[in-house]
There are 2 protein chains.
Amino acid sequence: MTRNSLAEKNCSLARALDVVGEWWSLLVVREAFFGTRRFQDFVDNLGIARNILSSRLKRLVAEGVLSRAERADGGVDYALTPKGEALMPVLVALMQWGDTFANAEPAPVVLTDRATGTPIAPLSVRAADGRVLTPQDMRAVPGPGADAQLRARLMPRSSKR
Amino acid sequence: MTRNSLAEKNCSLARALDVVGEWWSLLVVREAFFGTRRFQDFVDNLGIARNILSSRLKRLVAEGVLSRAERADGGVDYALTPKGEALMPVLVALMQWGDTFANAEPAPVVLTDRATGTPIAPLSVRAADGRVLTPQDMRAVPGPGADAQLRARLMPRSSKR
DNA sequence: CGGAATCCGTTCGGATACTG
DNA sequence: CAGTATCCGAACGGATTCCG
């Protein structure tokens, strides 16, 4: 299995990518964040092919990222579940990185704090005590779910780098 | 153009995905974070096909995410550039989400603060003043780079939701 | 060791048409 | 409106081979 093999890997990142790493998935999730709920609106706003959208929605619903509800008038609403809302940091991280490094300057969309109307802060990785960490400040260590191979790969190099 | 059309879109997220959204890209970046630098090590650690790795490395170098340097002994080193290191929040966000929602419980890898050895904090989106924001606390507004269509889509819905 | 090149099956994704 | 079904070209990705 080409893609699914990723999910089997001993890696949370691969697992996450297996769920939302497909080409349109995160765009669909972002649309949902923006308030889009109808099939047709997704099509119009994203310019996505209908069969692909159908496939992505199905997958996201199956994974519990979106909920699907038929309305009284026959329409169908897709909305983010808590699991889907938990993807916010992922979206924000990607958007901010895109704005900073991969864009032709002017940000098309700005996320603001509803209370103050001011833009949100740049995401930063922090220690448990709140200190902002750089990549050099961090270290990857085997967790409880690490297999032997992974453990061997992460432990030995004491502080080489 | 199938994929490239994404990059043309008026959306930082799409731009970011165009660069690091391909199937192996973020895994490669994560490996680089873990200290992997040699072609063969990427192959061994990720189980990626050599031609695909070659393609991804080339792209990431071209995009300025990785640097490529030939060493005295003829070997080649790939390392993260600042632009690549700036992807850390993206990786962390995905890993944490995967750990929390898409995994069979035990985290295979734990990122720790090198100074204290304790796990890093969960990522959270914050307002400019540091308050933690929920998705409901946020609002997407058109930025300076928004086109007419996007502007029309983001403005009108005053506070509906 | 670090690729480039080729082969080949699978999948992706757009377009279109059809259904309820 | 919300899909489903089909077609088809393009891309992906693995395996293998060859090379400096």
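FYI, side chains are in, hydrogens and waters are out, and symmetry mates aren't considered; it's all heavy atoms of this structure. Throughout, protein chains are lettered first and strands after them, A, B, ... in sequence-line order, and every chain is numbered starting at 1.
When only modelled atom types and interatomic distance are considered, A/Ser12 and B/Asp99 share a side-chain donor-acceptor pair under 3.5 Å. For the residue pair A/Asn51 and A/Ser54, no side-chain donor N or O sits within less than 3.5 Å of a side-chain acceptor on the partner.
One can place CZ of A/Phe42 at 14 Å from C1' of D/dG3, the figure rounded to the nearest angstrom. The CG atom of B/Asp18 sits 11 Å away from the P atom of D/dC12 (whole-angstrom rounding). The CZ-P distance, from A/Arg37 to D/dC1, rounds to 17 Å in whole Å. Rounded to an integer number of Å, the gap from A/Leu27 CG to C/dC12 C1' is 15 Å. Summarising the geometry, the separation between CH2 on A/Trp23 and C1' on C/dC12 is reported as 11 Å, rounded to the nearest angstrom. Atom CD in A/Glu22 sits about 13 Å away from atom C1' in D/dC12, given to the nearest Å. Straight-line distance from the CZ atom of A/Phe39 to the P atom of C/dG20: 17 Å, rounded to whole Å.
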5'-to-3' dot-bracket of DNA chain C (Watson-Crick, G-U; under 3.5 angstrom; crossing pairs as [ ]; | other strand): .|||||||||||||||||||
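Within 4.0 Å (heavy atoms only), B/Tyr78 reaches sugar-phosphate atoms of the nucleic acid but no base atom.
Near-neighbour residues of DNA chain D inside residues 48-61 of chain B, defined by a heavy atom below 4.0 Å, number-ordered: B/Ala49, B/Asn51, B/Ile52, B/Arg56. Less than 4.0 Å separates DNA chain C from no heavy atom of any residue of residues 68-77 of chain A.
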Determine, step by step, whether B/Tyr78 and B/Val28 satisfy the side-chain contact (heavy atoms from CB on, under 4.5 Å) criterion, reporting the C-alpha distance in whole Å, the side-chain angles of both residues, the deciding distance to 0.1 Å, and the verdict. CA-CA 10 Å; B/Tyr78 292 94; B/Val28 169; over 6 Å; no
side-chain contact (heavy atoms from CB on, under 4.5 Å) for A/Val29 and A/Leu80? Distances and angles first, verdict last. CA-CA 8 Å; A/Val29 171; A/Leu80 289 171; 4.0 Å; yes
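Looking at B/Thr112, its side chain does come within 3.5 Å of a backbone N or O of A/Arg139 through a donor-acceptor pair. For B/Trp23 (side chain) and A/Glu22 (main-chain N/O), no donor-acceptor pair under 3.5 Å exists by modelled atom type.
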Only distances under 3.5 Å count here; give the side-chain donor-acceptor pairs of residues 117-127 of chain A to other protein atoms, sequence neighbours excluded, each with its distance to 0.1 Å.
residue  : atom : partner  : partner atom : Å
A/Thr118 : OG1  : A/Thr116 : OG1          : 2.6
A/Arg126 : NH1  : A/Gly130 : O            : 3.0

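Summarising the hydrophobic clusters (Ile, Leu, Val, Met, Phe, Trp, Tyr; side-chain heavy atoms under 4.5 Å, direct or chained), the residues clustered with A/Val141 are B/Val110.
Applying the salt bridge (charged side-chain N to carboxylate O under 4.0 Å, His left out) test to A/Asp77 and every residue at least two apart in sequence or in another chain returns A/Arg71.
A salt bridge links A/Arg153 with B/Glu31; the closest basic N to acidic carboxylate O contact falls under 4.0 Å.
Taking 4.5 Å as the limit, every side-chain heavy atom of B/Glu63 sits out of range of all side-chain heavy atoms of A/Phe101.
Side-chain nitrogen and oxygen atoms of A/Trp24 include at least one within less than 4.0 Å of the OP1 or OP2 phosphate oxygen of C/dG14.
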